[in-house]
Amino acid sequence: MQIFENIQLALTSLVANKMRSILTMLGIIIGIGSVIAIVTIGDSMTGAMNAEMAGFGARNVTINFQPKDNMAEITDEDGNIDWDRYEQKTATSDDYLTDAMLKDYEARFKDVLDVLSINETVGSGKATNGRLHASVNVSGCSPDRQKLDGLTMLAGRYIEKQDVDAIRSVAVVSSEFVTKYFGNKTKNDDVLGKAFTVPVNGKDLRFYIIGVYKYVKPDSQFMMGGDTETTVYVPYTSAKRLMQLPAGYSNVTVRSKKEADSSEFLTNTSAYFASYYTHNKDFTAAANSMENMMKSMNKMLGSVKLGISAVAAISLLVGGIGVMNIMMVSVTERTREIGIRMALGAKSRVILLQFIVEAIIICLIGGFIGVGIGVALGRIGAQMLKYAARPSVIAILVAVSFSMAIGVFFGYYPASKASKLDPIEALRYE
Amino acid sequence: MALIELNKVVKTYNVGCENELEILHGIDLKIDKGEFVAIVGESGSGKSTLMNIIGALDKPTSGDYILDGIAVAKAERDEMSDVRNKKIGFVFQNFNLIGRTTAQKNVELPMLYAGAGKAARQERANELLSLVGMSDRSDHQPSELSGGQKQRVAIARSLVNNPAIILADEPTGALDSATSRNVMDIFHTLHRQGKTIILITHSRELAQECPRIVTLLDGNIVQDDKKAPHGKEQHADI
């Protein structure tokens, strides 16, 4: 019934002790502000990463050819590693994934399989054309890669089976590459058939352009690093010959059809390839999906966020104790006023409410300022890390209600002390 | 039936302790509606303790206290708050206005605690402030008022819930003689209008103005003089 009067009263007393009120609020402001800032940056990070990974294809399952590690064998009971026994193994063509494996896989999974793309990483380099230059990452691939990466052709065509079979030195480049390497007035159609050279790992590689795909600027720089490096696609057979690699494949990406169960697809694919390597003591093929990686990454980020939030919560607790302290001071200072109010007929709970409302107001104002500062810091932080800022509405609501709860919790004891004062003694207080 | 009735009221401090101290030794006192009573006594006579009991700020250790039909001696804390709020109007020596709060808001306060609405509070406060001649100062805070002005605001506040008694504890103690006269005149006016007023003072001179003087000495009533009522008219309550 007297809430409005209580709020007015609380504000009057806060204004009367401006400096003290601000210092008290500071604890709450820092606590709430840091929670909001951390949650905002964390959410922006997770959001950007998820968007990026989803862009890469969450349903993609990558099969990686890799050495089995003998860490378990060379590690003794105490956890010391005997590095002398660590073996660097060299794969022979018998060890790699073979055409037969892939053909059999395609046949067996044809109902659920959407894309099967072979990737051979060649490397990165800077192609120079007079004063112009473009950073590229040369990737050997099969025709399915266009679908996997979702490329839109602007001119020419993508790599086809005939290019792979004939081991042609042809390349599909990005529109960004055309602008950077040939100059920004060059039309995409004009570069078809032209050759360019790029030095990779000390070798000058020369390709003829057969197609240009539309360059899509990534949402963030998370995976890309500072320089915009675009991919040059070449037939994987050419890549293998250039790198002088033995036959067979080390990296294959498959994607299930939309309607298929993605986790079942991952399990089956993993089991299929692993079965070829049960008797190979040195190498194996491991399947993993973006979805899986995203899950574990999110989990990790989640626990980091939780850890930092716990630290922030401690600062909130400290802030709350500060509020309690200042409320105790306020009650003592206003003992006489409390006595007058009691003499005029204020019941205990009216006095209780008055001081709790005051504590809540301190915390709420602190909470609101904290949210403002937290969102601002979160935005700046996210911007510095080049993510789109996503202030969490839930975090803000939780923070504001939490600050109110702090007010009630830490305001209760001083308020209850005030409400239990003896009116005679309070009136006599100087 | 008397408005105020104290029967064998004893007040002892530190009951059961070594330094147990009996301040009031069985006070019997009856005050009727419309009386203007002065309670006089030297300091240490127990008049402050008696005032606290009459004002429902404290409870007697033993004995009965009936105020307007309510057994205050047996009341709970919240009931005593209600009694103070509705039955008693306090006027203190040091005014006891609440700081950083306008005269108007100070006067409204007991009504706020009684649960009255904003419009009713404002109307009543305006009415009483004009009665004590403080209408033009209603927006002033206590720090901007002189002693006499503060006491007039305090009197307005004491009347706001139309209490059964006005309990004035040395109301002129902090005022110069001219302002004291002014404040006493207000009490006489209220008395003529039918208010019951209890004036607690150590000043015999001030007490002489009152129709009835109760003298307290060492925790006992030693004298209770009643002058013949003269010129007393019954007026409508304010």
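Keep in mind that the numbers below use all heavy atoms, side chains included, and drop hydrogens, waters and symmetry copies.
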> What's the shortest heavy-atom distance between B:P142 and B:L97, and which atoms?
Replying inline: CG-CB, 3.9 Å
>> For the residue pair A:K417 and A:Y413, would you count it as a cation-pi contact if the rule is NZ or CZ under 6.0 angstrom from the ring centre and within 45 degrees of the ring axis?
In response: no
> For B:N52, is it the side chain, the backbone, both or neither that has a heavy atom under 4.5 Å from a heavy atom of chain A?
Replying inline: side chain
> Top residue by heavy-atom pair count (under 4.5 Å) with chain B, among A:S348, A:G345, A:A16?
Replying inline: A:G345
> Checking A:R336 against chain B: side chain, backbone, both or neither under 4.5 Å from a heavy atom?
Replying inline: side chain
> For B:R100, is it the side chain, the backbone, both, or neither that has a heavy atom closer than 4.5 Å to a heavy atom of chain A?
Replying inline: both
>> For chain B, which candidate among A:S13, A:P423, A:G339 shows the most heavy-atom pairs at distances under 4.5 Å?
In response: A:P423
>> Could you check whether atom CE of B:M184 has more than 12 heavy atoms from other residues, nucleotides or ligands sitting under 6.0 Å from it?
In response: yes
>> Using side-chain heavy atoms (C-beta onward) and a distance below 4.5 Å, is B:R84 in contact with A:M342?
In response: yes
>> Any salt bridge linking B:D82 with A:K347? Criterion: basic side-chain nitrogen under 4.0 Å from a carboxylate oxygen.
In response: yes
>> If I measure from the heavy atoms of chain A, does B:L109 come under 4.5 Å with its side chain, its backbone, both, or neither?
In response: side chain
>> Only pairs of heavy atoms separated by less than 4.5 Å count here; which of B:R121, B:K105, B:M80, B:K118 has the most with chain A?
In response: B:R121
> Top residue by heavy-atom pair count (under 4.5 Å) with chain B, among A:I424, A:L427, A:L9?
Replying inline: A:I424
> Under 4.5 Å between any side-chain heavy atoms of B:Q151 and B:T179, yes or no?
Replying inline: no
